[in-house]
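This report concerns only the one structure given below.
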Amino acid sequence: MHKNVSIGKHTIENAKKIAIFGHMSPDGDCIWAMLGLGKLLEKQKKNISYFVPNKPSKIFDFVKNIKRLKSNFDYKNYDLLIFVDFTGINRMGIISQVNPEYFEKKPIVIFDHHIGNGLEHGIVIKDVKSISTCEILFEYTYKRWPHLYDKEIATYFYLGISSDSGNFLFEEDHIRTFSNVVKLLKLGADKDLVVNNLIRKRSLNAIKFLQLLLNRIQQKQELLYTYYDEDELEKYNIDQEEAAYGLHIIQNIDGPQMVLLVRKIGNTIKWSLRAKNMEWESRSKGKIDCNKIAKALWWWGHRLAAWFAVPLNGDFEQQIPTIVHYINKIAKTQ
Ligand SMILES: [Mn+2]
């Protein structure tokens, strides 16, 4: 944990009117970190507003209070801004671009588990070894405010940990994660809510879209990849979060050490990279570090998962093999 933890506590406890922010295309960890922390603060009679740069995926419609997340920031006079699951101001999209000076002047606390630093003047409570922001928040808040915990808050943090760990598939520090999860279950976390709404539920359209992604799979050396154009989502009436199901499926394919989902979004090509947590056998003894690959291509991530973006340059489908080649090259030199 960061050395500023106690300052963070002081700053949070003194603030009365707080805005909590999530990142672009908020995922489960981000959404539940916002709502869990928010409810803990509301129970301390604080006035909390919730902001995300763009609307959460409809797969989160089942979440209690999801409607409280607004995508138009009001620039009101908040005592404190809290960013969760947050690395760079660029992940805030339009919210930070409209009035950057506003953010420079406000006290800021950041809870995060990504590699890299965000804002210059923020108090950063970061642990890159943690599987999820919800885990960091649970550890941070349960020590301080155990009496404020209820079933709803425990469920939010359970949801975030479950979601960022691929329902306990990806995490590395199993003992830490499972001991947190046991505590959350004892506090009333609703495991069935996760299973029924996130794990065992897909729309028929999402499955048909998966079929499209599977038809496009290619393998180049250690990398298995597939792709889509944002415009194709409309035909299937699904959003990017639903389309990401394809990445979870291809991750299970035996053989290649990395999987990649490539998306054309406007004039940008976005890449989601995952590495399997195995030795990079035949070629080197080291493990693949997705974050290093992503950094070489400009973005951020974790060791086993990373995201990056490059400008679209000519034909989308023709540009993919060039980047794929580049990733294989960087991975080999690690
Ligand atoms: Mn996260």
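If you're wondering where the values come from, they're calculated on a predicted model, not measured in any experiment. As the structure lists them, so they are numbered: ligands from 1, and atoms in each ligand from 1.
Across all their heavy atoms, Val259 and Ile250 have their closest contact at CG1-O, 3.6 Å.
Trp32 pairs with exactly one of Tyr158, Phe60, Phe138, Tyr50 by the ring pair (Phe, Tyr, Trp, His ring centres under 6.0 Å) rule, that one being Phe60.
With respect to Arg216 and Glu232, a salt bridge is recorded, a charged nitrogen being found less than 4.0 Å from a carboxylate O.
Distances from the Mn ion (ligand 1) to each N, O or S atom of Asp29 single out OD2 as the nearest. Minimum-distance N/O/S atom of Asp164 relative to the Mn ion (ligand 1): OD2. When you scan the N, O or S atoms of Asp85 for the one nearest the Mn ion (ligand 1), you land on OD1. Of all N/O/S atoms in His113, NE2 sits nearest the Mn ion (ligand 1).
When distances to the Mn ion (ligand 1) are checked against a cut-off of 2.8 Å, Asp27 contributes no N, O or S atom below that limit.
For Phe209 and Tyr245, the ring centers sit 6.0 Å or farther from each other.
In this pair, Tyr102 and Phe73 present their aromatic rings perpendicular. The plane angle is above 60°, beyond the 30 to 60° band.
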